[in-house]
There are 2 protein chains.
Amino acid sequence: MSTEENILLAARKVFLQKGFMSARMQEIADEAGINKALLHYYFRTKEKLFEQIFSDAFQLIKQSFTGSLLNSLTFSEFLRAFVHAYLHLLDQMPYLPQFILQELNRDSSRIITLFEQQKVPMSAIKKLIATEVENGEIIAIKPEHLIVNIISLIVFPFVARPIIKTFIFNQNIEDYSRFNEGRGEEIVQFILRAIRIPKNMI
Amino acid sequence: MSTEENILLAARKVFLQKGFMSARMQEIADEAGINKALLHYYFRTKEKLFEQIFSDAFQLIKQSFTGSLLNSLTFSEFLRAFVHAYLHLLDQMPYLPQFILQELNRDSSRIITLFEQQKVPMSAIKKLIATEVENGEIIAIKPEHLIVNIISLIVFPFVARPIIKTFIFNQNIEDYSRFNEGRGEEIVQFILRAIRIPKNMI
DNA sequence: AATTGGTTTAACCAGTTGGTTAAACCAATC
DNA sequence: GATTGGTTTAACCAACTGGTTAAACCAATT
């Protein structure tokens, strides 16, 4: 592993857990097993190093979205693919959402740069949903609400992990991990029930 | 308004927007229209001032939960009351969730103190849900999942506001505020549809 | 008139941070 | 064997932070 990759790996770990403000260049150097001078030798400033970590992190999320979209013809196909792809990513990087949200709230002007760099095919999924509504496959729902609902159900439990662990599971780790195991299918079924056409054959 | 209240108001504004680490005592003093010396005269340290803001903030959330629970006999009553009470609170303090989550992720040991101070009647709502499941009023669902789902749908859009504004609404403020207006009933109906018993009278 | 308590001003301290620099070191390459 | 480039060490700087202090100020109270 090259020194540069080594630094990026260490920086990702520190930045994701601490955020930009609380992250310390010294800690990144320690984590990478090098010294601070060499850190600045590779990435001149903290800001430059952070930029790379941040845009890489966002791209990971984007990919789980676009990937699921490309491989799906129906909405329910997309839903199941996306939920599991996203959850799989978050299992490996549980600090990812809080990191992204924290930094976007800290400096919301950053999102403009991000928006131009990383084009997310939002109109495609909106269209897919709208079409299924028109065809009577799912109930009438605004695509924006449905999209927000999906992402909320997936992401929020990770952002609120400490609070859920404590106030809902009383710090019982077993109960909590059992909850997490079934979470994916629970989300999929919950959403499918909420948007299916009721069969009122009275 | 007393100086103390004045300081607390200013501190709340700054802490909620910036978080503990990024908040500056000087900025709080400026916001309160006083100087830094007087700030330390009232609240000896930054930590002490923060503690008060934080526990006050958490209490507000707790109250919208317990209040809705006390005034409801059925789950759907609780659901509608809670969703609207919570959203009403967040309309006034949109930075509240991100603040709480950020600080709990920064120092998760803080949550233990919080848990002992602020007892949240979680078992009551769990029981209410379990009873309705047994009585066949709603579909079989684990209370933990349902509770997490409710809170996710309410809170997440506030935490992810900049990202939703940009990637879903293309910075179109009108579309976004129209989305927010209908959000409360959208959440209620979405959940009710997801947990109702299907009437399969074939 | 004297006292009191909230308040301001301004300077200061110690600690930490991101960043820089110069010198030496060392292994691979030429 | 000389050169080169990555690397370390250690010291340093300027800026900023939370916090303290002493002195003066001022309005209300006694």
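Everything quoted here is computed from the prediction, not taken from an experiment. Chain A is the first sequence line, chain B the second, and so forth, proteins listed ahead of strands; every chain is numbered from 1.
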K13(B) atom NZ, over 12 foreign heavy atoms within 6.0 Å: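 12 or below, so no.
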E174(A) CD: over 12 foreign heavy atoms closer than 6.0 Å: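 At most 12 heavy atoms, drawn from other residues, nucleotides or ligands, come within 6.0 Å of this atom.
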In whole angstrom, what separates [X]'s [atom1] from [N]'s [atom2]?
X      : N       : atom1 : atom2 : result
F43(A) : dG19(C) : CZ    : P     : 13 Å
R44(A) : dG19(C) : CZ    : P     : 10 Å
K46(B) : dG15(C) : NZ    : P     : 18 Å
H40(B) : dG19(D) : NE2   : C1'   : 5 Å

R161(B) NZ/CZ over Y95(B) ring centroid, <6.0 Å and within 45° of normal: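 Cation-pi check for R161(B) and Y95(B): passes.
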Parallel, tilted or perpendicular: ring planes of Y86(B) versus F82(B), cut at 30 and 60 degrees: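 Aromatic pair Y86(B)/F82(B) classed tilted.
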Parallel, tilted or perpendicular: rings of F190(A) and F190(B) (30°, 60°):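 Tilted: the ring planes of F190(B) and F190(A) meet at 30° to 60°.
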Worked verdict on R178(A) versus E144(B) for salt bridge (charged side-chain N to carboxylate O under 4.0 Å, His left out): CA-CA 11 Å; R178(A) 214 173 308 133; E144(B) 292 82 6; over 6 Å; no
Nucleotide opposite dA23(D) in a Watson-Crick or G-U pair, distances under 3.5 Å: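 The base-pairing partner of dA23(D), which may sit in any strand shown, is dT8(C).
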G-U wobble or Watson-Crick pairing nucleotide for dC30(C) (cut-off 3.5 Å, both distances):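 Checking every strand shown, dC30(C) finds its partner in dG1(D), with both distances under 3.5 Å.
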Pairwise distance OH(Y41(A)) to CG(L38(A)) - rounded to 0.5 angstrom: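 Reported value, rounded in 0.5 Å steps: 8.0 Å.
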Short side-chain donor-acceptor distance under 3.5 Å, D56(B) and Q52(B):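 No donor-acceptor contact under 3.5 Å links the two side chains.
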Pairs: protein N or O with nucleotides 6-9 of chain C N or O, under 3.5 Å:
unit_1 : atom_1 : unit_2 : atom_2 : d
dG6(C) : OP2    : Y41(B) : OH     : 2.4
dT7(C) : OP1    : T3(B)  : OG1    : 2.5
dT7(C) : OP2    : T3(B)  : OG1    : 3.3
dT7(C) : OP2    : Y42(B) : OH     : 2.5
dT8(C) : OP2    : N35(B) : ND2    : 3.0
dT8(C) : O5'    : N35(B) : ND2    : 3.0

Residues in contact with DNA chain C, drawn from residues 8-32 of chain B - heavy-atom cutoff 4.0 Å: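 The stretch gives none, as no residue of it lies under 4.0 Å from the strand.
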